[in-house]
Amino acid sequence: MSVIDILTRVDAICKKYERYDVEKLNADNVHGNDAFARLYASVESDIESALQKAEMAAGEKNRAAAVALNAEVRRTKARLLEEIPKLQRLAVKNVKGLSKEELATRSDLVLALPGRIQSIPDGSTNGSKQTESWTASRTEIRFDSTSDGRFESEYFQQTEESSQFRQEYEMRKMKQDQGLNIISEGLETLKNMAHDMNEELDRQVPLMDEIDTKVDKATSDLKNTNVRLKQTVNQLRSSRNFCIDIILLCVILGIAAYLYNVLKK
Amino acid sequence: MATPDPDKLMAKADKLTKLSFTRWTADWKNATSLYEQAAIGYRFRKDNEKAKEAFEKASKGQEMISSPWDAAKHMESAAALAKELGHWNEVSDFYRRASELYRECGRSQPASDALAKGASALEDAVPDEAVRLYTDACVILEEDGREQMAFDLYRAATSVYVKLERYADAATFLLRWGIAADKCHAVNSQCKAYLSAIIIYLYMHDFQQAQKCYNDCSQIGAFLSSDQSRCASKLFSAYEEGDVEEIKRVAQSSPITHLDHVIIRLARKLPTGDLKELNKEEAEEEVLDENDLT
């Protein structure tokens with residue numbers, strides 16, 4: 001027989017013989033005649049569960065889950081506060097088999113209940129402070145919830161080292177902010193200069209285009225002139241003219257030498 | 001012909017141009033070259049008066065032989081000499097004539113340059129005429145669609161206005177500068193011009209005008225999203241709070257320090273007058289309005 005089968009059979013047998021379960025019957029009937037005690041017990045258990053939920057919410061990293069848990073705690077608290085008047089009425093009623101002192105203590109217990117219910121932490125006492133800071137910092141974009149420096153709430157506890165560390169962190173952050181300010185000033189100057197240079201260059205672009213066309217025209221003119229000049233010079237440099245030039249040059253040199261000789265004497 | 005006597009040259013040239021019984025047409029070509037030589041000779045001798053006359057005549061000669069470019073050049077030289085002599089009205093006349101001649105050649109840039117030269121020559125002596133010359137020079141360039149070149153002229157004209165303490169005119173001129181900058185998409189210059197205008201209005205202690213100016217300029221998208229408009233709004237909030245320290249701090253801030261130095265000097269002197277007066281004025285106006293309504 002497998003485990004599951006055993007379990008099913010055990011459950012079936014238990015159900016069949018429930019009527020004979022003395023303990024359970026006693027637990028059910030222990031407050032059977034006492035409505036106050038029953039209600040009080042249920043309120044107590046609710047308070048316990050609410051406290052547990054509050055503890056879970058305090059340690060919860062996931063903000064959404066924490067918010068949900070806190071909301072549940074608040075709902076429970078509200079419901080319990082509503083039950084309190086009923087309890088008070090029942091406390092006054094006299095029940096069979098109850099001593100006079102017990103009656104007195106009951107009313108005291110009922111009076112103590114609201115205080116206990118209110119003291120269940122549901123994140124609303126700190127919530128107001130947090131909402132204020134959220135509205136204040138809505139204008140700034142924040143990605144880091146520990147950077148706002150509010151470490152007084154009970155969510156954060158400090159030791160000496162951690163506070164020193166945080167101080168150092170704040171100092172360094174201040175220095176970084178100063179450095180960043182200087183950088184931003186320099187960048188602003190650069191930006192202004194760059195804008196001015198941009199406009200100056202824009203101004204010079206059409207001028208450069210004009211220069212370009214004019215120089216192109218000048219080079220083409222020059223090329224034409226050069227070609228014509230080359231043709232002319234070639235014409236002039238025909239061999240006949242060249243020989244005549246050389247002969248005449250020699251003649252002139254001879255005459256010059258003769259004169260030089262004559263004059264030297 | 002290195003050092004012939006300029007007087008002789010002048011006399012010869014005059015003879016060539018004067019019509020007489022023996023001469024039916026004036027020989028402008030030769031006369032012009034003679035006049036030019038004479039003018040150069042006089043200038044070398046530092047005889048400014050005669051040189052100026054010689055240049056004038058040379059320019060007329062060039063006109064006669066229909067070369068307006070050379071004519072304009074000679075006119076400019078004549079005007080420079082007139083400036084040395086201190087004949088201010090002649091200076092302005094000559095430069096205007098030179099500018100017209102350049103425009104005949106169809107060259108707008110030299111035309112406006114001639115007027116600008118005239119204006120800078122007259123800045124100290126006859127500032128009103130200088131401003132008029134600057135305005136005309138800007139008009140010439142704008143007609144030709146070359147507003148970019150006009151920025152320097154706008155700057156110079158604004159500084160002349162500020163020197164004359166005609167702040168309203170200066171501010172109007174700055175707004176014109178803004179228009180010119182807008183046409184050639186020079187956003188930075190446009191925003192700087194508007195910020196300068198606002199500062200001038202504040203210097204005149206005319207808070208309402210400054211506000212109106214700021215509101216008008218904010219219609220322009222490029223200005224609205226610029227550093228300069230943010231700086232202007234900071235200035236206004238500082239004025240409204242009456243916080244002198246804040247005004248001084250904003251005046252030291254980066255957008256203002258990149259404006260023209262004339263404007264920076266004005267900004268450093270802000271706030272002029274009593275800030276409480278401004279707020280009182282506004283309150284008085286409100287009281288009047290209430291009375292009117294009831």
Side-chain angles (χ1 to χ4, degrees), chain A residues 132-143 147-148 170-171 173-225 228, chain B residues 69 105-110 112-113 116 138 141-142 144-155 177-178 180-196 222-223 225-231 234 249-261 263-264 267:
Chain A
E132 275 166 22
S133 72
W134 283 131
T135 45
S137 63
R138 201 169 289 156
T139 51
E140 310 156 25
I141 300 175
R142 285 184 181 276
F143 292 102
S147 65
D148 50 10
E170 301 277 346
M171 292 274 298
K173 200 162 81 128
M174 229 168 41
K175 285 214 186 81
Q176 274 183 359
D177 283 339
Q178 279 172 353
L180 284 173
N181 276 337
I182 294 175
I183 291 176
S184 90
E185 277 170 33
L187 279 176
E188 270 203 77
T189 315
L190 274 177
K191 174 179 146 191
N192 272 305
M193 291 206 298
H195 269 300
D196 288 334
M197 290 198 317
N198 182 23
E199 289 188 354
E200 189 61 39
L201 285 172
D202 282 338
R203 206 192 302 188
Q204 298 191 348
V205 161
L207 296 177
M208 295 295 285
D209 289 336
E210 258 188 68
I211 293 177
D212 202 19
T213 38
K214 284 193 183 158
V215 167
D216 281 340
K217 188 160 154 289
T219 42
S220 61
D221 281 344
L222 208 61
K223 272 200 195 126
N224 282 340
T225 316
R228 292 218 313 265
Chain B
W69 181 261
C105 298
R107 308 278 297 275
S108 60
Q109 181 71 49
S112 113
D113 283 344
C138 297
L141 283 175
E142 281 172 5
D144 215 25
R146 304 173 65 160
E147 295 90 358
Q148 288 272 12
M149 303 295 153
F151 287 177
D152 290 326
L153 298 169
Y154 280 117
R155 231 189 82 232
W177 186 357
D182 188 43
K183 249 189 272 173
C184 45
H185 305 292
V187 176
N188 201 33
S189 290
Q190 189 185 10
C191 300
K192 287 207 289 202
Y194 290 145
L195 183 60
S196 313
F223 180 70
S225 53
S226 70
D227 282 340
Q228 282 83 3
S229 97
R230 236 174 289 139
C231 174
K234 267 195 263 185
R249 209 169 336 131
V250 175
Q252 307 281 346
S253 74
S254 152
I256 295 193
T257 39
H258 285 92
L259 297 173
D260 193 26
H261 66 277
I263 311 287
I264 297 178

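The figures that follow rest on heavy atoms only: side chains count, while hydrogens, waters and symmetry mates do not. This is a predicted model, so every value here is computed, not measured. Lettering of chains follows the sequences in order, A, B, ..., and the numbering in each one begins at 1.
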Is it the backbone or the side chain of D196(A) that comes under 4.5 Å from a heavy atom of chain B, or both, or neither? both
Reported [atom1]-to-[atom2] distance for the pair [X] and [Y], which is rounded to 0.5 angstrom:
| X | Y | atom1 | atom2 | answer |
| --- | --- | --- | --- | --- |
| R203(A) | R146(B) | CZ | CZ | 11.5 Å |
| K192(B) | E199(A) | NZ | CD | 6.5 Å |
| K191(A) | N188(B) | NZ | CG | 8.0 Å |
| H185(B) | D202(A) | NE2 | CG | 10.0 Å |
| T257(B) | E185(A) | OG1 | CD | 9.5 Å |

With chain B as the partner chain, list the residues of residues 206-221 of chain A whose heavy atoms fall under 4.5 Å from it, by residue number, and write 'none' if nothing qualifies. L207(A), E210(A), K214(A)
If you count heavy-atom pairs under 4.5 Å between each of S189(B), C184(B), A181(B) and chain A, which one has the most? S189(B)
Would you check if T189(A) and H258(B) make a side-chain contact, meaning some heavy-atom pair closer than 4.5 Å? yes
